[in-house]
Amino acid sequence: MTTIQSSFRDALGRFATGIVVVTGEMPDGSPIGITVNSFSSLSLDPPLILFCLGKTTEKLKAFIEGENFVVNVLAEDQMDISNIFAKSQDDSFNQVKHDFGEVGCALIDGALAQLECKKHEVHDNGDHYIVVGEVVSISTPNDSDPLLFFKGGYRTLGDKA
Ligand SMILES: Cc1cc2nc3c(=O)[nH]c(=O)nc-3n(C[C@H](O)[C@H](O)[C@H](O)COP(=O)(O)O)c2cc1C
C-alpha cells in the first residue's frame with residue numbers, strides 16, 4: 001500500500017458508520033450476503049439507497065446480474081453475523097437465522113431494519129461499483145442499538161474511545 005493509500009484509509013476510517021449485510025441471489029439461485037459499511041440513503045422520492053461493491057469480490061455477480069437485494073441493518077449484538085458475511089461465501093446461511101422476503105432475498109433475523117430493493121442503476125467508479133436500489137418494502141423489526149464501525153474496528157453506541 002502506498003503512503004497516500006494508507007493515509008486515505010486512515011482518514012476514511014475516522015468516519016463512523018453503521019454496518020449492513022446486503023443479501024442477494026447468485027445466478028445459480030443460491031443466496032448470498034456481503035457485509036458492507038458503504039451504505040447510504042440517496043433519495044426520498046423516489047426512495048433510493050446505495051452501497052459500494054469492490055470489483056474483486058466473488059459475490060459481485062449477485063448484484064450486477066441479479067435484479068433484487070435486501071439491505072439488513074445490523075444490531076449491536078450481530079458482530080458475528082458481520083464477520084460471517086465478510087468472508088467468502090460457503091455455508092453462511094446455515095449459520096444465520098433468516099427468512100425470504102417479497103423480492104426473494106434473505107431477511108436476517110434480529111436486524112434493526114430490512115430494506116427490500118429492486119436494482120435501479122449500477123455505476124462503474126474506480127475499483128468499486130456504486131449499486132443503487134429502489135426500496136420497495138420496509139421492515140423495522142428490532143428497536144435496539146446499532147453495530148458501528150470506526151477506525152477499522154467494531155464499536156457500539158455506549159463505547160468510550
Ligand atoms: C465492516 C466491514 C465493512 C465492509 N464494507 C464493504 C463495502 O462497503 N464494500 C465491499 O465491497 N466490501 C466491504 N467489506 C468486505 C466484504 O464484506 C468482503 O470482501 C466480502 O464479503 C468477501 O467476499 P469475497 O471473498 O468473495 O471477496 C466490508 C467488510 C467489513 C468487515
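Each ligand, and each atom within it, is numbered from 1 in the order the structure gives.
Which parts of ligand 1 touch Asn37 is read off a 4.0 Å heavy-atom cut-off, strictly below it: atoms 3 (C), 4 (C), 5 (N), 6 (C), 8 (O). Close approach of ligand 1 to Leu53 is summarised as follows: ligand atoms under 4.0 Å from at least one heavy atom of the residue are 11 (O). Here is the list of ligand 1 atoms found below 4.0 Å of a heavy atom in Ser88: 24 (P), 25 (O).
Hydrophobic clustering (ILVMFWY, side-chain heavy atoms < 4.5 Å, transitive): Met26 and Ile64 are in one cluster.
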Go through Asp124 and Lys55 one step at a time and tell me if the side chain to side chain contact (heavy atoms under 4.5 Å, CB included) criterion holds. CA-CA 9 Å; Asp124 184 341; Lys55 287 182 178 173; 2.5 Å; yes

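Here the rule is side chain to side chain contact (heavy atoms under 4.5 Å, CB included) with Ile108, and of Val73, Val20, Val21 only Val21 fits it. In summary, of the residues considered (Phe15, Phe39, Tyr154), a ring pair (Phe, Tyr, Trp, His ring centres under 6.0 Å) with Phe149 occurs for Tyr154 alone.
Rounding to the nearest 0.5 angstrom, the gap separating the OG1 atom in Thr17 from the CG atom in Asn37 is 4.0 Å.
Under 4.0 Å is where a charged nitrogen must lie from a carboxylate oxygen, and between Lys151 and Asp10 no such pair does.
Residue-environment remark: CZ (Phe100) exceeds the threshold of 12 foreign heavy atoms within 6.0 Å.
The shortest N/O to N/O separation between Gly54 and ligand 1 falls below 3.5 Å. Geometrically, ligand 1 and Tyr154 share no nitrogen or oxygen pair separated by less than 3.5 Å. Between Cys52 and ligand 1, at least one N/O pair is under 3.5 Å apart. Not a single N or O atom of Thr56, backbone or side chain, sits closer than 3.5 Å to an N or O atom of ligand 1. Backbone and side-chain nitrogen or oxygen atoms of Phe85 are examined, and one is located within less than 3.5 angstrom of a nitrogen or oxygen of ligand 1. The N/O atoms of Thr35, backbone and side chain alike, include one that comes under 3.5 Å of an N/O atom in ligand 1.
Checked against a 6.0 Å centroid threshold, the rings of Tyr129 and Phe63 do not count as neighbours.
At the top of the distance list for atom 18 (C) of ligand 1, counting protein heavy atoms only, stands Ala86 O, 3.5 Å. For atom 27 (O) of ligand 1, the closest non-hydrogen atom on the protein side is Thr57 OG1, 3.2 Å. At the shortest separation from atom 8 (O) of ligand 1 among protein heavy atoms lies Ser38 OG, 2.6 Å. Atom 21 (O) of ligand 1 has Lys59 NZ, 2.7 Å as its closest protein atom, hydrogens excluded (heavy atom only).
Summarising the geometry of His98 relative to Ala106, their closest heavy-atom pair is CD2-CB, 4.1 Å, with the distance given to 0.1 Å.
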